[in-house]
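Each remark here refers to the structure printed beneath this line.
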Amino acid sequence: MPGAVALVHDRPVRIQLVHPMPPIPGSVPRWRAELGAIRDYAAGGKDRPTLIAGDFKASRDHAAFRRILAAGGLRDSAALGGAFLTPSWPADWARVGTQIDHVLVSDDFSVRSVRFLRLKHTDHRALLVELKLHSG
């Protein structure tokens, strides 16, 4: 999963994209291990601006996802922007879907806006978040 450190207004920001394996029969141990690696990454950035985004294949209903939030002191931008529990998958069943796509941010950020968008050729709704990085 690609990641980088980007300079934003001369501040280093840790950015990590995620897309673990789905928790389907036979792949649950790998899904847990990959979410564990994301949790370890989150824990390693408590002292720096951090953003982790992607298809986590997990919602707040999953303890492994909640451990990622807790380990890094991260917040879910959709919840901060008033879109808590807005389904992102499956896109065609938005009324009965779940939010598995997330943009997690450290306290260094505030959320200006959150939108879920329908895109062609994908079974997910895109999550578009406008963030503000606070001066350090």
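Only this structure's heavy atoms are used, side chains among them; waters, hydrogens and symmetry mates stay out. Owing to the predicted nature of the structure, the values given are computational and were not obtained by experimental measurement. Just so you know, residue 1 is the first one in the sequence shown, and it goes up from there.
- No side-chain donor-acceptor contact under 3.5 Å links R30 to the backbone of G26.
- At least one side-chain heavy atom of S106 sits less than 4.5 Å from a side-chain heavy atom of L74.
- Looking only at distances, a side-chain donor or acceptor of T86 sits under 3.5 Å from a matching main-chain atom of A83.
- When atom types are taken as modelled, the side chain of Q16 and the backbone of A4 share no donor-acceptor pair closer than 3.5 angstrom.
- Both I15 and L80 belong to a single network of hydrophobic side chains, linked directly or stepwise wherever heavy atoms of I, L, V, M, F, W or Y lie under 4.5 Å apart.
- Closest heavy-atom contact between G45 and R14: CA-NH1, 2.7 Å.
- Not a single donor-acceptor pair under 3.5 Å links the side chain of S27 to the backbone N or O of P25.
- Contact check on R125 versus D101 returns no salt bridge, with no Lys/Arg side-chain nitrogen under 4.0 Å from an Asp/Glu carboxylate oxygen.
- Classified by interplanar angle (parallel below 30°, tilted 30° to 60°, perpendicular above 60°), the ring pair F56/F65 is perpendicular.
- Side-chain contact between V105 and L131 is present, with heavy atoms from C-beta onward closer than 4.5 Å.
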Step by step, would you call D55 with V18 a side-chain contact (heavy atoms from CB on, under 4.5 Å)? CA-CA 6 Å; D55 174 1; V18 300; over 6 Å; no

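- Heavy-atom neighbours of D47 CG from other residues, nucleotides or ligands within 6.0 Å: above the threshold of 12.
- For the pair P22 and W31, the minimum side-chain heavy-atom distance is 4.5 Å or more.
- Here the straight-line distance linking atom NE2 of H124 with atom CZ of R118 works out to 11.0 Å at 0.5 Å rounding.
- Y41 and V5 fall into different hydrophobic clusters, where Ile, Leu, Val, Met, Phe, Trp and Tyr are joined by side-chain heavy atoms under 4.5 Å apart, directly or via other members.
- Side chain of T98 to main chain of I100: no donor-acceptor pair is present (N/O by atom type, distance under 3.5 Å, no hydrogens or angles).
- For the pair R75 and F109, the cation-pi test (distance below 6.0 Å, angle within 45°) is failed.
- Contact record, L35 with P20: CD2-CG, 4.0 Å, taken as the closest heavy-atom pair.
- For the atom pair CG of D107 and NZ of K46, the computed distance is 11.0 Å after rounding to the nearest 0.5 Å.
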Worked check of side-chain contact (heavy atoms from CB on, under 4.5 Å) between K132 and S110: CA-CA 5 Å; K132 178 182 180 184; S110 59; 3.6 Å; yes

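- With values rounded to the nearest 0.5 angstrom, R32 atom CZ is found 8.5 Å from R67 atom CZ.
- Within the 4.5 Å cutoff, side-chain heavy atoms of I38 are placed close to those of I52.
- Under the 4.0 Å criterion applied to side-chain N and carboxylate O atoms, R11 and D108 are assigned as salt-bridge partners.
- In plain terms, the two heavy atoms of P12 and P49 that are nearest each other are O-CD, 3.6 Å.
- Hydrophobic clustering keeps V103 apart from L117 (ILVMFWY residues linked when any side-chain heavy atoms are closer than 4.5 Å, directly or through intermediates).
- At a threshold of 4.5 Å between side-chain heavy atoms, the hydrophobic network of Ile, Leu, Val, Met, Phe, Trp and Tyr places V111 and L133 in one connected group.
- Side chain of H102 to main chain of A58: a donor-acceptor pair is present (N/O by atom type, distance under 3.5 Å, no hydrogens or angles).
- The salt bridge (Lys or Arg N to Asp or Glu O under 4.0 Å) search around R115 returns none, not counting sequence neighbours.
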Pair L85-Q99, side-chain contact (heavy atoms from CB on, under 4.5 Å): steps then yes or no: CA-CA 6 Å; L85 299 180; Q99 190 179 97; 5.6 Å; no

Check step by step if side-chain contact (heavy atoms from CB on, under 4.5 Å) holds for L104 and L51. CA-CA 6 Å; L104 308 182; L51 183 150; over 6 Å; no

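- A donor atom on one side chain and an acceptor atom on the other are not found under 3.5 Å apart for H62 and K57.
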